[in-house]
Q: 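Here it is: the structure, laid out below.
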Amino acid sequence: MPSSLEDLLARLGGDAELLREVAGIFVEDVPKQIARLRHAVAAANAVEIAAAAHGLKGSISNFETAEAFDLAASMEVAARLNHLDDMSADFQRLEERLDGLIALLKTC
């Protein structure tokens, strides 16, 4: 995860308005995506897990969050292979990373 808003701003070429816009969309949309993934994991629905994790990867890719992106990618691949054993633990780690990113973005 980026360590500061300055890191995020640098990633977006110093465009503060773009950062506010992208951050606002992320803060509004990602909790819905997390809820979708949470429900899919609880239901052990591999198709829905893969779709939800794929959507999150796209949202995460706007930010320098390699660990969260990698977790979402791993969940997507595991779900496509119907390997659901560690899904709850992976989801918890992903949710923690995204909660941290959301908290940082809310300060924009």
Q: How would you list, by chain and number, every residue that makes a side-chain contact (heavy atoms from CB on, under 4.5 Å) with I25, sequence neighbours excluded?
A: E21
Q: What ring pair (Phe, Tyr, Trp, His ring centres under 6.0 Å) pairs are there with at least one residue in residues 19-46, not counting sequence neighbours?
A: F26-F63
Q: Any salt bridge (charged side-chain N to carboxylate O under 4.0 Å, His left out) pairs touching residues 45-54, not counting sequence neighbours?
A: R36-E48
Q: Taking side-chain hydrogen bond (donor to acceptor under 3.5 Å, both in side chains) as the definition, give me every residue that meets it alongside S59, ordered by chain and number, with sequence neighbours left out.
A: Q33
Q: What distance separates L101 CG from E96 CD, expressed to the nearest 0.5 Å?
A: 14.0 Å
Q: Side chains of R11 and L19: closer than 4.5 Å at any heavy-atom pair?
A: no
Q: Return the set of residues passing side-chain contact (heavy atoms from CB on, under 4.5 Å) with A42 (not counting sequence neighbours), or none when no residue passes.
A: none
Q: With the threshold set at 4.0 Å, does a side-chain nitrogen-carboxylate oxygen contact exist between E17 and R20?
A: yes
Q: With clusters built from Ile, Leu, Val, Met, Phe, Trp and Tyr whose side-chain heavy atoms come within less than 4.5 Å, directly or transitively, what are the remaining members of the cluster of L81, listed by chain and number?
A: V77
Q: Can you list every pair that meets salt bridge (charged side-chain N to carboxylate O under 4.0 Å, His left out) and has a residue in residues 51-60, with sequence neighbours left out?
A: K57-E76
Q: Does A89 offer a backbone N or O that forms a donor-acceptor pair with the side chain of D86 under 3.5 Å?
A: no
Q: If we only count heavy atoms from C-beta on, is the I34 to L94 side-chain gap below 4.5 Å?
A: no
Q: Do L105 and V22 come within less than 4.5 Å of each other through their side chains, counting heavy atoms only?
A: no
Q: CG of L71 to CZ of R97: how many Å apart, nearest 0.5 Å?
A: 6.5 Å
Q: Could you work out, with side-chain hydrogen bond (donor to acceptor under 3.5 Å, both in side chains) as the rule, every residue matching E28, not counting sequence neighbours?
A: none
Q: For E6, enumerate each residue passing the salt bridge (charged side-chain N to carboxylate O under 4.0 Å, His left out) test, keeping only those at least two apart in sequence or located in another chain.
A: none
Q: With sequence neighbours excluded, give me every ring pair (Phe, Tyr, Trp, His ring centres under 6.0 Å) pair touching residues 67-91.
A: none
Q: In Å and rounded to the nearest 0.5 Å, what is the CE to CZ distance from M75 to R80?
A: 12.5 Å
Q: Please list all pairs meeting side chain to side chain donor-acceptor pair (under 3.5 Å) that have one or both residues in residues 98-108, counting only residues at least two apart or in different chains.
A: none
Q: Working to the nearest 0.5 angstrom, can you tell me the gap between L37 CG and H54 NE2?
A: 13.5 Å
Q: What heavy-atom pair brings A68 and I60 nearest, and what distance separates the two atoms?
A: O-CD1, 3.9 Å
